[in-house]
Amino acid sequence: MDAALKTVLSMSASGTLLILLLLAARPLIKNRLSRQWQYYIWLVVVLRLLLPVGPPASLLGRTYQALDRLPGQTAAAQRQPAEPPATAESAALPQTAGGSAPSYGQTAREAVPGMGAGRLAGQLWMAWLAGALGMLLYKITCYQSFMRYLAAGAEPVSRPELLNSLSLAAQKAGVRRPVELCSNPLAGSPMLAGLLRPRIILPEAGVLPQNLYYTALHELTHYKRCDLLYKWLVQCAVCLHWYNPFVHLMARQTALACEFACDEAVLAKAGQSAAAGYGKTLLDAAAAAADWQKTPGPAFLTGGRPVLKERLNAVLYPCKRGEGARLTAAVLTVCFLLCGVFTGVYSAAGPSAAKAPGALTPAQAGQRGAPAGPDAGGALAFEPEPAGEGEFAQRLRRYYEAGSLPLFEIALADADSVQREVWMQRAYQEDEIGFFSICARQADQAQREQFAETAYEDGAIAYFSALADGMSEQSLAGWLQKALEDERWDFEAMLYDRLGQSDEKDALEETLNAAQREEYRAAGILWEDDACWYGGQRVRVFLDARQDHSFYTLNIDPEGTADLRVLRDAAGHIMGAEYLTQAELEEWLDEDFAA
């Protein structure tokens, strides 16, 4: 066990050195080497963390050899040369006037340096093994639960124009295996599910064919490159080295690098002329997922606002890399591989496993009557749950704090009406739309109406929409009448959609668009087709946002030369517009854009 623990720790140390090396080099290579290289180079770190092999002469091997020799040398130096070594016979001598003859247990601990350390190593081994197996089982269970959760709520998409876009994306990505297209309203963003039976899950079926084309191309690129397998390798490394914070950091960095590399690969297939459409698809997906930050498993959007902003910059303004960058990448790959090999690991069969001077082997200790393994005892202690909280309430709280929507939904089914209302209130106050939607589906009619009143007054249309999914047609009609009287156009459009009144919804949207264009015109903002003009300049980024971070209008025009933001008062009336510098645009995205 001691040798196995040393091997694991040496693998962790080697991997940590490589992680630190990559993180230190990241500012230098970020915009100079391709994003795909920056993604796949992490595979060297993952393999170093997973494979317990290395050359006989390595950095970690020599380090452990030196550490193994230290205890024996110290004990040998401290012993008197004229004093004979203690034996089992001396342990059996009768008591003398000078005192009691030592028991064998005392003699063995003096003659065998490190016996106390061996007991500690055995306890550490058991703690590591329990942690690794526990984390692996947890991840597998959560993944299986989430896949069943997706499958249960998924419905096949049958719209011909969407299926045609999927077919074109599969042809462009080079994927010949049939891929299913499904929608699941509980999915926070588009995602790829399944390795042997791939499926693309959409949050809703009513997406534009152009957006679906880029979404499908992105997810199929993940499938073509076997990114799911790569991610599982990373998760295996996380389970094996669960105690190492740098390995968890590596997992996050790998997930981000995966998305950047996929963006780069998509544009390599579709051409840079598709950058504007692809960037708009990213923004549309981000806006749709704004209220689903805790949804499990989103693959299309990762990392929040700063990463989304960086992805958009990389899409719209790609760095041109020539032969010099390729040569640099090749040289760095070779150097990094050599670093991974020669940092090495501890090998029990190597020189480091040789017996230290003056130490006894387990076989010798057994011949003298000493136990060969660590002492018994040392049961693992578990942190007690907070006092005054029942087992069922503890389970709900754990699932909620861990962000596990599927497990929370399963457990909440056994809760009573009072508990559901308490969790609805907490999710609403803490802006957890995913958990609120689960509570809303299981709430009774009175609770839905009560929270609908609050959401309507607060203008929280996403929460009102989650409640509307369980309302009766009569109740929806009543709310529509109220929204018409209050001229709450956003609620009107949503309620028209819930009632299936598509003609009224389309008419309302046309009216709103026409009224909005007139409002823009009064402020000096002119629209011609999909191009926006202000002060004689064509606008590149046009931002018009509400107080709750949702958009009246968000448009990106790569041919534009100016960035513009619409200014509105507290009542939502346009007061004017202002040009934005690049720094101001980035600051606005950081503060106001909900990714």
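Sequence positions, counted from 1, serve as the residue numbers for this chain. Small disclaimer: the values here were computed from a predicted structure and weren't measured.
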*Could you walk me through whether Thr553 and Tyr520 pass side-chain hydrogen bond (donor to acceptor under 3.5 Å, both in side chains), step by step?*
CA-CA 11 Å; Thr553 306; Tyr520 287 151; 2.9 Å; yes
*asked:* Test salt bridge (charged side-chain N to carboxylate O under 4.0 Å, His left out) on Glu473 and Arg498; report intermediate values, then the result.
replied: CA-CA 9 Å; Glu473 185 173 345; Arg498 291 296 188 278; over 6 Å; no
_Shortest non-hydrogen contact from Gly434 toward Leu405_ = C-CD2, 3.6 Å
*Any idea which heavy atoms bring Tyr428 and Ala455 closest together, and the distance?*
OH-CA, 3.7 Å
_Restricting to non-hydrogen atoms, name the atom on Gly340 and the atom on Arg48 that form the minimum distance, rounded to 0.1 Å._
O-NH1, 3.0 Å
*Do Tyr243 and Ser12 have side chains that get closer than 4.5 Å, going by heavy atoms?*
yes
*Should the pair Arg441-Asp469 be classified as a salt bridge under the 4.0 Å nitrogen-to-oxygen rule?*
no
*Okay, side chain of Ser465, backbone of Ile461: is any donor-acceptor separation there less than 3.5 Å?*
no
_Pairwise side-chain contact, Arg177 with Tyr223, heavy-atom cut-off 4.5 Å (strictly under)_ = yes
*List the atom of Leu217, the atom of Lys172, and the distance in Å for their closest heavy-atom pair.*
CD1-CG, 3.9 Å
*With no hydrogens and no angle check, is any side-chain donor or acceptor of Asp458 less than 3.5 Å from a backbone partner on Ala460?*
no
*Spatial distance of atom CG (Leu50) from atom CG (Leu43) [nearest 0.5 Å]*: 9.5 Å
*Does some side-chain heavy atom of Asn184 sit less than 4.5 Å from a side-chain heavy atom of Glu155?*
no
*State the CD1-OG1 distance between Ile41 and Thr333, to the nearest 0.5 angstrom.*
4.5 Å
*More than 12 non-hydrogen atoms from neighbouring residues, nucleotides or ligands closer than 6.0 Å to CZ on Arg32, yes or no?*
no
*Could you tell me whether Glu430 atom CD has more than 12 heavy atoms of other residues or ligands within 6.0 Å of it?*
yes
_Aromatic ring proximity, centroids under 6.0 angstrom, Trp423 and Phe436_ = no
*Could you walk me through whether Leu21 and Phe336 pass the side chain to side chain contact (heavy atoms under 4.5 Å, CB included) test, one step at a time?*
CA-CA 9 Å; Leu21 184 61; Phe336 199 69; 3.8 Å; yes
*Take Gln425 and Glu421 through the side-chain hydrogen bond (donor to acceptor under 3.5 Å, both in side chains) test and state the conclusion after the steps.*
CA-CA 6 Å; Gln425 186 67 33; Glu421 185 172 347; over 6 Å; no
*Pair Phe146-Leu407, side chain to side chain contact (heavy atoms under 4.5 Å, CB included): steps then yes or no*: CA-CA 9 Å; Phe146 179 58; Leu407 296 177; over 6 Å; no
*Counting N and O atoms only, with roles assigned by atom type, does the side chain of Gln442 sit under 3.5 Å from a partner on the main chain of Cys439, one being a donor and the other an acceptor?*
no
*asked:* I'd like to check Arg197 versus Glu180 (side-chain heavy atoms, cut-off strictly below 4.5 Å). Are they in contact?
replied: yes
*Where the side chain of His248 meets the backbone of Trp242, is there a donor-acceptor pair that is under 3.5 Å apart?*
yes
*At what distance, to the nearest 0.5 angstrom, does CG of Asp557 lie from CZ of Phe542?*
12.0 Å
_Euclidean distance, Phe246 CZ relative to Ile19 CD1, rounded to 0.5 Å_ = 8.0 Å
*Okay, side chain of Lys231, backbone of Ala255: is any donor-acceptor separation there less than 3.5 Å?*
no
*asked:* So which atom in Thr215 and which in Pro190 form the shortest heavy-atom distance, rounded to 0.1 Å?
replied: CG2-CB, 3.3 Å
*Within 45 degrees of the axis of the six-membered ring of Tyr456 and under 6.0 Å from its centre: does Arg488 put its NZ or CZ there?*
yes
*Test item: Arg26 side-chain N/O and Leu22 main-chain N/O as donor-acceptor pair under 3.5 Å*: no
*Using modelled atom types only, decide if a donor and an acceptor are shared between the side chain of Gln38 and the backbone of Ile29 within a distance under 3.5 Å.*
yes
*Is it true that Arg199 and Glu219 have a side-chain N and a carboxylate O under 4.0 angstrom from each other?*
no
*Just how far is it from atom CG of Leu136 to atom CG of Leu240, taken to the nearest 0.5 Å?*
10.0 Å
_Side-chain donor-acceptor contact under 3.5 Å, Tyr39 with Gln253_ = no
*asked:* Less than 4.5 Å apart, side chain to side chain, heavy atoms only: is that true for Phe435 and Phe408?
replied: yes
_Between His222 and Cys258, is the side chain to side chain contact (heavy atoms under 4.5 Å, CB included) condition met? List the steps._
CA-CA 8 Å; His222 278 309; Cys258 178; 3.4 Å; yes
*Are the ring centres of Phe464 and Phe491 closer than 6.0 Å?*
yes
*Indicate the atoms forming the closest heavy-atom contact of Ser437 with Ala466, along with that distance.*
OG-CB, 3.5 Å
*Distance-only, no hydrogens or angles: does the Ser165 side chain make a donor-acceptor pair with backbone N or O of Glu161 under 3.5 Å?*
yes
*Under-4.0 Å salt bridge between Glu432 and Arg426*: no
*asked:* Taking atom OH as the centre, does Tyr230 end up with more than 12 heavy-atom neighbours from other residues, nucleotides or ligands that are less than 6.0 angstrom away?
replied: yes
_Heavy-atom side-chain proximity of Val45 to Thr254 below 4.5 angstrom_ = no
_Donor-acceptor contact present, side-chain Glu409 to main-chain Ile438, <3.5 Å_ = no
*For this output row, return yes or no: ring centroids of Tyr138 and Tyr143 closer than 6.0 angstrom.*
no
*Check against side chain to side chain contact (heavy atoms under 4.5 Å, CB included), Asp563 and Gln582*: CA-CA 8 Å; Asp563 298 328; Gln582 183 67 24; 4.2 Å; yes
*Any donor-acceptor pair under 3.5 Å linking the side chain of Ser475 with the backbone of Met471?*
no
*When rounded to the nearest 0.5 angstrom, what distance separates OH in Tyr213 from CG in Leu162?*
14.5 Å
_Side-chain touch Leu249/Leu23, heavy atoms, less than 4.5 angstrom_ = yes
*Flag yes if more than 12 heavy atoms outside Gln474 fall under 6.0 Å of its CD atom; otherwise flag no.*
no
*Does any non-hydrogen side-chain atom of Ile200 lie less than 4.5 Å from one of Leu220?*
yes
In a table with atom names and distances, give each donor-acceptor pair under 3.5 Å that connects a side chain of residues 260-272 to protein atoms at least two apart or in another chain.
residue : atom : partner : partner atom : Å
Asp263  : OD1  : Tyr278  : OH           : 2.4
Asp263  : OD1  : Arg311  : NH2          : 3.0
Asp263  : OD2  : Arg311  : NE           : 2.7
Asp263  : OD2  : Arg311  : NH2          : 3.2
Glu264  : OE1  : Arg35   : N            : 3.2
Glu264  : OE1  : Gln36   : N            : 3.2
Glu264  : OE2  : Arg35   : N            : 3.1
Glu264  : OE2  : Arg321  : NH1          : 3.4
Gln272  : NE2  : Val315  : O            : 3.0

